[in-house]
Amino acid sequence: MNENIVHTPTRINKWLCHKLECFGDFIKYYSTDKSRFYLEPFAGGGIYTCKDTDCLVDGSELRALKDGFSKCIFLVNDVQDASNLKYLTASIKSESAVITGNCINDKILRQTFNLIPRSESSFAFIDPPGYNRLRWSTINKLAAHGTDWKGYKMDLLIVFPLEMALLRNITRPDCEASINRLYGNRDWQQVRQKRQDDEIGHSEARKKLVSLYKAGLKNLGYRYVEELKPARFSNPPNYHLFWASDTRSRLQELIDIWSKPRYLPCELFSNVSVHKDA
Ligand SMILES: C[S@@+](CC[C@H](N)C(=O)[O-])C[C@H]1O[C@@H](n2cnc3c(N)ncnc32)[C@H](O)[C@@H]1O
């Protein structure tokens with residue numbers, strides 16, 4: 001590891017590594033237009049280590065810079081992560097900016113939008129550490145203020161922490177306020193009620209929670225709103241994906257990428273097998 005990265009990279013499991021590999025493939029398809037701005041409101045330190053093998057794994061930030069976008073804006077809440085990311089991005093030729101701060105802070109978001117000229121289109125990757133950090137007000141602001149000169153809203157790819165977090169906590173009274181903030185309304189409480197009354201099971205509740213979030217994105221006026229349950233790399237998959245765009249559907253690409261059987265780079269013979277069926 002480079003000694004200038006003072007902070008030891010977080011150790012991640014294979015499921016997270018899988019998400020990053022899929023994301024890397026997605027942006028290779030997506031970013032044919034290099035002039036597009038990339039925004040990551042929940043950015044991290046840029047690099048991880050794999051729990052099983054100790055090998056270094058690029059985070060979404062470095063993948064976006066190396067494989068897709070030359071104009072990246074990263075909002076990093078953690079000061080140490082921000083300093084690592086600044087160090088790592090400095091050697092990559094790009095027009096990137098690392099802003100230290102919390103994405104729920106209006107001033108920080110305004111600072112971000114000021115860096116994106118209205119003549120340019122943009123894409124945001126929203127990958128929160130849990131449902132209790134993601135607020136509808138943030139999604140709303142990204143959609144409302146990230147419009148280009150044609151009036152197209154910012155494309156959004158949202159990693160929605162459904163299975164491991166939201167579904168497990170839906171009936172807990174102490175989680176009510178954060179779930180209200182996640183949806184920006186109280187409609188989800190009907191799902192909670194039905195669950196508490198045993199009218200619906202786990203899988204019906206999952207479907208309804210996904211539909212409600214999708215409806216929220218549609219209400220923002222997005223032309224294409226799509227969702228995908230990733231293939232069962234781990235059991236159960238711990239997130240759901242949402243795509244929102246005014247310009248085009250990406251559902252087939254998401255399905256192809258996230259459902260493709262793949263070896264991870266640290267796995268044996270990965271170089272031989274990973275791209276065999278690509
Ligand atoms: C799931 S990680 C995603 C990192 C990156 N997408 C990746 O996979 O390489 C979520 C990140 O959001 C950061 N974070 C947490 N709360 C935040 C907030 N309110 N504003 C901005 N970032 C936040 C955490 O420090 C963490 O690095």
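Counting convention: from 1, in listed order, for ligands and their atoms alike.
- The side-chain hydrogen bond (donor to acceptor under 3.5 Å, both in side chains) analysis of residues 97-112, with sequence neighbours excluded, yields the pairs Asp106-Lys141.
- In this pair, Tyr213 and Trp136 present their aromatic rings perpendicular. The plane angle is above 60°, beyond the 30 to 60° band.
- Stacking of Lys153 on the aromatic ring of Tyr222 is recorded, both the 6.0 Å distance cut-off and the 45° axial limit being met.
- Shown here are the side chain to side chain donor-acceptor pair (under 3.5 Å) partners of Arg250, two or more places apart in sequence or in another chain: Glu253.
- Checked against salt bridge (charged side-chain N to carboxylate O under 4.0 Å, His left out), Arg195 has no partners two or more places apart in sequence or in another chain.
- Contact residues for ligand 1 (protein heavy atom closer than 4.0 angstrom to any ligand atom): Leu20, Glu40, Pro41, Phe42, Ala43, Gly44, Tyr48, Gly59, Ser60, Glu61, Asn77, Asp81, Gly101, Asn102, Cys103, Phe125, Asp127, Pro128, Pro129, Arg133.
- A tilted orientation is assigned to the rings of His145 and Phe113, their planes being inclined by 30° to 60°.
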